[in-house]
2 protein chains.
Amino acid sequence: MERSIQQFIERYLSVSFLVNKRGAALMKCELDDVTHDQYYVLRYIYKRGMCTSTELADVFAVNKSAITAMTNRLVEKGMIERGKDGDDRRVISLTLTEKGKIWLIETEQKVYELVQTMMTKLSYEEIEQFIQTYEKLAIILQEMEENK
Amino acid sequence: MERSIQQFIERYLSVSFLVNKRGAALMKCELDDVTHDQYYVLRYIYKRGMCTSTELADVFAVNKSAITAMTNRLVEKGMIERGKDGDDRRVISLTLTEKGKIWLIETEQKVYELVQTMMTKLSYEEIEQFIQTYEKLAIILQEMEENK
DNA sequence: ACTAAATAGTTAAACAATTGAACTATTTCG
DNA sequence: CGAAATAGTTCAATTGTTTAACTATTTAGT
């Protein structure tokens, strides 16, 4: 393996871990009694309008039983609701309640301000390039997962 | 807030979450009975030679009691050991055992191959630029945390 | 020099996220 | 039709985390 690639890997492992941990710690301050993971679940359902447990398990790369546990907590908190929907009676649809929508919209505002504070220290071009590469990595990772 | 910034934020939140989750899921396959977080702790101690609970708690942005729990498990697994060291008798030093070092070196090899597979789909320049920006973000996040 | 405050680390109780295996209910398909 | 696949749940166990209370030690103010 080339020396330079090895250094890239080293730097990538260190920095990605740090940014995730610290980013999550900062975000947590804005999320009342909802956890970081729960926030992303609410966010995902909101953007999709509705979704299923199986879909969430795929997207979040966890077991379906982990999704059951999380959605149970979100239902208890009154943020989402389960519903029957469609022909297939095995499928349970997940949607945000009114309360969930209101909470998410308010919270998105705070999270946006946080990310914005971070991003505006960089140039427009740098952000664009960074996110583009990040999106490429997401696709590459998905391919790697499928080829396994 | 500008429209374009808002889209950046939206894209960033989605993609960073995805890459973290999927990256962690892929890495987990290479880490026998050591968890993802434990791997990063071992990695950090190895790179430092030795370190303390307080330092780990700072770096990982968690409470010291979380570090106590994690290091307990790593000691039970025979990967690290606690030791007295230095003048300050409150301080407990954490170092890798021989077993821990051997395990880490072997595992780093596997993880490197994984990250390398991912990275070689990008150009040298693109990786360099990506990591540079990532490192800037790490510094920005640290500053944001301090100014809070 | 003495005491109060700060620091390093642990413990214990509680909760969230996760896995894996076993399970129910429903749908698909040979 | 009947077997296999699929959607989701339940349960037990492990891990990571927080908060508060605690011990032991060091630092600093007066």
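A, B, ... follow the sequence lines: proteins, then strands. Residue 1 opens every chain.
- For B:K64, counting side-chain heavy atoms from C-beta on, the closest listed nucleotide (C:dT10, D:dG16, C:dT19) is C:dT10.
- Per the geometry, CG belonging to B:D58 stands 14 Å off P belonging to D:dT17, to the nearest Å.
- In this structure, A:N20 atom CG and D:dT17 atom C1' are separated by 17 Å, rounded to whole Å.
- Atom NZ of B:K84 is separated from atom C1' of C:dT10 by 11 Å (rounded to the nearest Å).
- A:R82 and A:S93 share no side-chain donor-acceptor pair at under 3.5 Å.
- Whole-Å rounding puts the B:M70 CE to C:dT11 P distance at 17 Å.
- Ion pair A:K110/A:E113 not flagged as a salt bridge, since none of the NZ, NE, NH1 or NH2 atoms sits closer than 4.0 Å to an Asp/Glu carboxylate oxygen.
- Rounded to an integer number of Å, the gap from CG of A:L74 to P of C:dA16 is 10 Å.
- Residues A:T95 and A:I45 share a closest heavy-atom pair of CA-CG2, 3.9 Å.
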The contact string for nucleotides 20-30 of chain C, one letter per nucleotide 5' to 3', using protein heavy atoms under 4.0 Å with B, S and - for base, sugar-phosphate only and none, comes out as B----BBS---
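- Within the nucleic acid shown, A:K28 comes within 4.0 Å of sugar-phosphate atoms alone, with no base atom in reach, counting heavy atoms only.
- Note on A:K21: only backbone sugar-phosphate atoms sit closer than 4.0 angstrom, heavy atoms only; bases stay farther off.
- Axis deviation across the helix from C:dA1-D:dT30 to C:dG30-D:dC1 amounts to 20°, comparing end segments of five pairs, rounded to 10 degrees.
- The pair B:D33-B:R73 does not count as a salt bridge, with every side-chain nitrogen at least 4.0 angstrom from each carboxylate oxygen.
- Contacts with DNA chain C (heavy atom under 4.0 Å) in residues 41-56 of chain A: none are found.
- Regarding A:I67, its CD1 atom lies at a distance of 9 Å from the P atom of C:dT19, rounded to whole Å.
- Looking at B:N63, its side chain never comes within 3.5 Å of a backbone N or O of B:S65 through a donor-acceptor pair.
- If you chain together hydrophobic residues whose side chains sit under 4.5 Å apart, B:I105 and B:M27 fall into the same group.
- Remark: C1' of D:dT15 and CG of B:D32 are 17 Å apart, rounded to the nearest angstrom.
- Residues B:K84 and B:R89 come closest through the heavy atom pair NZ-O, 3.6 Å.
- Judged purely by distance below 3.5 Å, without hydrogens or angles, the side chains of B:E55 and B:Y44 pair a donor atom with an acceptor atom.
- Taking the six-membered ring for Trp and the full ring otherwise, B:Y40 and B:F60 have centroids separated by 6.0 Å or more.
- Distance B:L94 CG to C:dG9 C1': 10 Å, rounded to the nearest Å.
- Mapping A:V91 and A:N72 onto DNA chain D by nearest heavy atom places A:V91 closer to the 5' end of the strand.
- Taking every side-chain heavy atom of A:K77 into account, C:dA16 is the closest of D:dT9, D:dT17, C:dA16.
- With 3.5 Å as the limit, one finds no donor-acceptor pair spanning the side chains of A:K28 and A:T35.
- Residue A:T68 is in base contact, counting any heavy-atom pair closer than 4.0 Å across all strands shown.
- Two residues are said to be in side-chain contact when any heavy atoms from C-beta on lie closer than 4.5 Å; B:L56 and B:C51 meet this criterion.
- For A:T133 and B:E126, the side-chain atoms include at least one donor-acceptor pair closer than 3.5 Å.
- Regarding contacts with the backbone of D:dG16, a side-chain N or O of B:R73 is found under 4.0 angstrom from either OP1 or OP2.
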